[in-house]
Amino acid sequence: MNWKVLQLVWLACAFTAHLAAAQTNPITVDIHQTTQFPKGNGPLSLVWECTVSTPDLLEGHFLVTAYDGNEQFGQFQSHDVALHSGFHEVPMMLPSMKVDNPFSEVKLRLSFITPETRYDFKDAYTLKVGRKYQRTLAVGVCDPFIENLPPVLKTFLDQLKFEAICPKELVQLGNRQIEIPSEMAKQGILDAQPLTMNLKTHSIHVHPDDFPQLPIDCHQYDILVITARGLDALESRHMKAILQWGRSGGSLCVLPGESTDSSRLAFLNALQESREGSPLLVNSKGQIVFSEMNQILFTRTGWGRSIILRQQALENKSLSSDQQARIPFFLWKLKQSQKEYYDQQHHWDDKKLIQDYFEREKQANYRNYNSYATSELLSMKYQPLFTGGMLINDLMPAELQIVPTWVIGTILLGYVLMIGPGEYYLLGYFKIRRFTWITFPFISICVALFAFIISDYYMQASHERKTLSIVDLDSKGSPVRENEIELLFTGSYQTIETRIKSGLFSPLNQSELGRGYDRFNSPRNTAPGMVGAPFFQGSIPTQYSVYQRMPQWTPQLNRIVNNYPQKEQAGFDWSSITVDQLNSDESRTKLKTQVKQTFGENAILLIYQGTTEGKPKRFTLYLNERLAGTPLRPGRITALLTPIHRPHTQYQVQSQEQVCFMDDLCVRQQQGIFQIVSQTSPAGGSNFEDLSILDSSDSRQWLVVVYVPGNERDTIYRQFIVSDT
């Protein structure tokens, strides 16, 4: 009986303590996420909905810890806030995260910290994120939603989903829907798992008041759709952000109404910066002058694509089926090699992809085939660059070198001589061999310290930071975006601060970069980096700092995306480069001379062009002849241009094909989504997918690349040009 009484007393005390803690907590917080199905590799926006119950002013900051099980993605400290009594909304943006769980979510631990005390919220909050083995695409729809969308607009949005242009039933190898080579059929290909895409598209409804005000906010979407009501409700700051996002590679579809004002008309005409012809005009009644010929306009906006579609044309169903089918083909940036089949079937050709796979296997005499790799043929999940590890080679400190073997041998030999005959005869001479238990540890410690000093000298103990800056230019030479890939390398354990302004920071995992090769031509380890989770302090993405605890002699790559690039090389006229100049050997030589005069002797000029065969053509013009060497004695080319064998299967069996990091950076040639599309919308996540631009199957597309090496910063300028014919 006494035991039961003690239990009741204990429960009452615990309950009373809990109530007291709840009563003393002056703030309650809930979480609101913009979308429950975010883009897989884009930033994450959320809002903390706070209710303050105390009459006193709460001054402090929020501290958020994101984790999935034992894996921690980082800690995020907000800017300082002052909350009075009542309801408040505190927006926050987090970098992209991907998990390997079926719920596609991470947990957030939240605390509110004031100068006097800390309020911890015990229950973890749930945040929806992307998955590692499934690609999630997002179509943002800007509309006030004061009324339900018309059925014709709902149908239009359904037709925009990537699944709508996919084959209704994927080819099943086991059902003999495609001819299988006898050599592969004998190896059990009929037992392979059914082909799957691992892809899902979601529509995200965004009210104009909540629409992004910065281009980086738009990285949460693959395609943006702005209805007539949404366009009327947007402000100039919204349109400026959308335009810059489109110029940096986004896909935009605007559905204007019959009338508009001057600011929105200027926005629509700015989307047509690469289109030759008359701009959109308005009549005396303020109505846009549409005709039967220009109800729908397809145009390139910088590195992105835009469609201006008269909304009444959708409502009146005046568009032809071919025009309707061309819209998703254009916005999803499907390859030119798919166009002929797509025009007939209104979806991309999966049979061609499988036949191409068989052709590649045939070149290797089917030695590398396995049924698992075959089942992954049409998977759209992210696939790391095999050449990504070469980027670490390029950015590692030039002075860094391993301690020479002869130095190590000399130290060991000296150590053996000191503790062997040296100590024996020296202590014997003074008749104090009984003190060997003191001299032996002392000599060992001194030799160890000397070895550490020698290794420290060769491995450079100082903090090293080197950056690869990738500046993207449109056909007129105007910069559209900048990506910085920064390498941190230090010879001692220390915390490194990186300051970011108007940019998106993402730490890169070496296992997602691909293996590459080290300086001894040995495969680089694919194990994840040893660097811990970063600590973010400030307002993402406007102004904040990132702190990383760096282990000794461990490289760490970080990516910083800026949609408003500030670096533009002066003294070189990019707008003067034309397709006619790129088509001529003599003109390319003149271009080489101009680049040499502007960027220096060590600069490298590369020109890429798509071909009808689907394999891009590359013109390599080394401005410094010693970089190219001779056929018998090749020079030491930069690691970004060093060709390595691409793995033939998931088990990294090498094929005969060689490719360099620069090729993969500019034009992706691999299985997965890049078999179908040439480019993805900006994401700013922890991989390089959104940096690829060239369609390898479109002979009208050109990419001019100038690589300028430097001591603390290497720079790559890329100009994208599309011929009209």
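Because the structure is a prediction, the values reported are computed rather than measured. For the numbers below, each heavy atom of this structure counts, side chains included, while hydrogens, waters and symmetry mates do not.
Annotation: side chain of R465 is in contact with side chain of T498 (closest heavy-atom distance under 4.5 Å).
L214 approaches P541 most closely through the heavy-atom pair CD1-CG, 3.9 Å. Of all non-hydrogen atoms in T301 and A270, the two that sit nearest each other are CG2-O, 4.4 Å. When all heavy atoms of V579 and S723 are compared, the pair lying nearest together is CG2-CB, 3.8 Å. K333 and S251 make their closest contact through NZ-OG, 2.6 Å (heavy atoms, listed as atom of the first residue, atom of the second, distance). Here the closest heavy-atom approach between residue I604 and residue T638 is recorded as CD1-CG2, 4.2 Å. Across every non-hydrogen atom of L395 and L487, the tightest pair is O-CD2, 3.1 Å.
Between the side chain of W332 and the backbone N or O of T680, no donor-acceptor pair lies under 3.5 Å. In this structure a side-chain-to-backbone donor-acceptor pair under 3.5 Å is present from S506 to G684. Judged purely by atom type and a 3.5 angstrom limit, T598 has no side-chain atom pairing as donor or acceptor with the backbone of V595. A donor-acceptor pair is defined here as one N or O able to donate and one able to accept, closer than 3.5 Å; no such pair exists between the side chain of S545 and the backbone of R499. Under a 3.5 Å cut-off, the side chain of T260 and the backbone N or O of P256 do not form any donor-acceptor pair. Of the possible polar contacts, none joining the R559 side chain to the L504 backbone as a donor-acceptor pair under 3.5 Å is found. Here the side chain of D664 pairs no donor or acceptor atom with the backbone of R668 at under 3.5 angstrom. S696 contributes a side-chain N or O that, together with a main-chain N or O of G614, makes up a donor-acceptor pair within less than 3.5 Å.
D695 and S697 share a side-chain donor-acceptor pair at under 3.5 Å. Counting only N and O atoms by type, the side chains of Q272 and S306 include no donor and acceptor under 3.5 Å apart. Under the 3.5 Å distance criterion, with hydrogens and angles disregarded, a donor-acceptor pair is assigned to the side chains of E482 and S469. Judged by distance alone, the side chains of N562 and R481 never bring a donor and an acceptor atom under 3.5 Å apart. Side-chain atoms of N583 and Q581 form no donor-acceptor pair, as typed in the model, at a separation below 3.5 Å. Under 3.5 Å, the side chains of D394 and Y707 contain a donor-acceptor pair of N or O atoms. Defined by atom type and a distance below 3.5 Å, a donor-acceptor pair is missing between the side-chain atoms of Q719 and D472. A donor-acceptor pair shorter than 3.5 Å cannot be found between the side chains of S681 and D222.
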- Apply the test salt bridge (charged side-chain N to carboxylate O under 4.0 Å, His left out) to residues R135 and E689: give CA-CA distance (whole Å), side-chain angles for both, the deciding distance (0.1 Å), then the verdict. CA-CA 12 Å; R135 184 179 294 274; E689 274 194 342; 2.7 Å; yes

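Outside the 6.0 Å centre-distance limit, the rings of W702 and Y608 are not counted as a close aromatic pair. Side-chain rings of Y717 and F599 approach one another, their centers coming within less than 6.0 Å.
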